[in-house]
Engineer: 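Take this structure, written in structure tokens, and hold onto it; I'll ask about it next.
These numbers come from the heavy atoms of this one structure, side chains and all, not from hydrogens, waters or symmetry mates.
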Amino acid sequence: MITEKEIDPMAWQVKQALTPALPTPAFRARLHTGLQLAAQHRHGQVMHVAPRNEAPWGGVLVSVAALGSIAGLIALLLRVRQGARSSAQALPREMGL
């Protein structure tokens, strides 16, 4: 009988090197709650779940990132406008006007 090791030696080595990962109790609890919520929602029952504790500075980070993006866009627009102005001013000089 041909073994898996003989068919694909690399796959066999990977399979031997990797160990199965067991889910943490917290993951199992979240999965259980999520599946219960999905099942109740499917049957028309609504179960309210308390929100997870989020970092209080999470919203601040999003706000700072948004402000940075806006500032970058403004800087880009100003640079493009300045380039257009300098090009427009250079044309009359080149034509001898």
Engineer: Do you reckon Ile70 sits in the same ILVMFWY cluster as Leu78, going by side-chain contacts under 4.5 Å, direct or chained?
Structural biologist: yes
Engineer: Mind checking the OG1-CZ spacing from Thr24 to Arg30? Nearest 0.5 Å is all I need.
Structural biologist: 6.0 Å
Engineer: Roughly how far, to the nearest 0.5 Å, is CD of Gln36 from CG of Leu31?
Structural biologist: 10.5 Å
Engineer: Measuring from atom CD1 of Ile74 to atom CZ of Arg79, what distance do you get when rounded to the nearest 0.5 angstrom?
Structural biologist: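 Nearest 0.5 Å value for the CD1-CZ distance: 15.5 Å.
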Engineer: From Arg81 CZ over to Leu76 CG, what is the distance, rounded to the nearest 0.5 angstrom?
Structural biologist: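 Taking CZ in Arg81 and CG in Leu76, the distance rounds to 12.5 Å.
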